[in-house]
J.: 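Have a look at this one.
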Amino acid sequence: MQRIGILTAGGDCPGLNAVIRGVVAGATQRHGAEVVGILDGWDGLMVGRVRRLDRNAVRGILQRGGTILGTSRRDPYVHGDGAASLRGTLAREWIDSLVVVGGDGTLRTALRLSGEGIPIIGVPKTIDNDIAGTDVTFGFDTAVQIATEAIDRITTTAESHDRVMVVEVMGRTRGWIATYAGIAAGADAILVPEEPYDLDAVAELLAARAAHGRHYSVVVVAEGIAPPPGTHVKPSVDVFGFERLGGVSAVVAAELEKRTGFEARVTVLGHIQRGGTPSAADRVLGSRLGVAAADLAAAGGSGRMVALRGTQIVDVSLEEACAELRGVPPAILDVARTLSAP
Ligand code: F6P
């Protein structure tokens, strides 16, 4: 009987459990295959931590946040001997094919491993929505919803106190969450890594709002923007050497206060954007991707990633998915600018 292994790696993301359930349902119902869950990302594969996943094991997980398999940022090429560090577990567990659910770093590792002869199918995952080859990643919809609700709440207190509120959302290299949540919540300025920003221009905009009687403003900042010129944010890395972001909003707020004289406050939304129950859209997308990944794995595919194009689930090469990070198109950034005129 064919055996498919599945692991979730990198930062967690709402909808991961829908993918796991989709893979198990697809593998067992459509292909009579067995599924082995690998615990804690690549780590579990390196040290042989696994658990059998049958239909009962994935009941009731669809609406749960996080991942029942656990995850980590350990990488076999950085923290082990690459493919060699995984082959023992693959052989011992009779795993014929791997489904790997992850973001850009995980998918690059998957591409390398498939080049070394390990059959791998990728599933794109990140709240950052920055994976190429797919129109959207699951988790993004939930994160935007959470960020929008938060900005809505922040807006009412901003208005009561005549304050400038700077809200920092996730987005390491791309500003999808900032742009979408900013548009959805009617933010007055949105700063993203995709394009340079001018704090003098933002300050002028806030002053123009005040001149029109709107003495409060909300500025949404993606965590990955460069600090304003002449300032810096203390760098830090996690135990895996992964750069920790967060904190640029404090510098932006201080600079805006300096330029406008308006009182500014900061909210960093952080991991609240990644936790908790996935939206219906993310549950559906994760489920569809999971079933499609099981189909590809059962058919003996490798080096491919399941993806959403329009309304269809397709598969693309891992090369295409890893070639670049997908940014917010200029036309959408332009709409955001148009909407935030004072
Ligand atoms: O890649 C997804 C993401 O949520 C980024 O937006 C964020 O910078 C990063 O993960 C945070 O990672 P960690 O949970 O390791 O702090």
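Worth knowing before you read on, the calculation uses all heavy atoms, side chains too, and leaves out hydrogens, waters and symmetry mates. Whatever order the structure lists ligands and atoms in, that order sets their numbers, starting from 1.
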J.: If the threshold is 4.0 Å, N to carboxylate O, is there a salt bridge linking Arg30 and Asp295?
T.: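 Yes, Arg30 and Asp295 are salt-bridged.
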J.: So that I can tick it off, tell me whether Arg304 and Asp315 are bridged by a salt bridge, with the cut-off set at under 4.0 angstrom between side-chain N and carboxylate O.
T.: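 Salt bridge flag = yes for Arg304 with Asp315.
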J.: Looking only at protein heavy atoms, identify the closest one to atom 10 (O) of ligand 1 and say how far it is in Å.
T.: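 Ranked first by proximity to atom 10 (O) of ligand 1 is Arg274 NH1, 3.0 Å.
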J.: Will you find, in the side chains of Asp282 and Thr142, an N or O donor that is under 3.5 Å from an N or O acceptor?
T.: yes
J.: Check Ser287 against Leu62 and note the closest heavy-atom contact, atom names and distance.
T.: OG-CD1, 3.9 Å
J.: Return yes or no for this condition: an N or O of Arg172 is under 3.5 Å from an N or O of ligand 1.
T.: yes
J.: Just to confirm my output: which protein heavy-atom neighbour is closest to atom 16 (O) of ligand 1, and how far is it?
T.: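 The protein heavy atom lying closest is His271 NE2, 3.2 Å.
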J.: Is there a donor-acceptor contact under 3.5 Å linking the side chains of Asp75 and Thr109?
T.: yes
J.: Going by the order shown, which atoms of ligand 1 are within less than 4.0 Å of some heavy atom of Met170?
T.: 4 (O), 6 (O), 7 (C)
J.: For Glu324, is there an ion pair with Arg326 - N to carboxylate O distance below 4.0 angstrom?
T.: no
J.: What's the shortest distance from atom 1 (O) of ligand 1 to any protein heavy atom, and which residue and atom give it?
T.: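 The protein heavy atom lying closest is Asp128 OD2, 3.5 Å.
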J.: Out of all atoms in ligand 1, which are within 4.0 Å of some heavy atom of Glu223? Include the element for each.
T.: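 Taking each heavy atom of Glu223 in turn, ligand 1 has 5 (C), 6 (O), 7 (C), 8 (O) under 4.0 Å.
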J.: Can a non-hydrogen atom of Gln273 be found less than 4.0 Å from any atom of ligand 1?
T.: no
J.: Which protein heavy atom lies closest to atom 12 (O) of ligand 1, and at what distance to 0.1 Å?
T.: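 Answer for atom 12 (O) of ligand 1: Arg73 NH2, 2.8 Å.
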J.: For ligand 1, which atoms, with element, lie under 4.0 Å from some heavy atom of Gly171?
T.: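 That gives atoms 6 (O) of ligand 1.
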J.: Judged by modelled atom types alone, do Asp141 and Ser279 share a side-chain donor-acceptor pair under 3.5 Å?
T.: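 Their side chains do contain a donor-acceptor pair, which is all the 3.5 Å distance test asks for.
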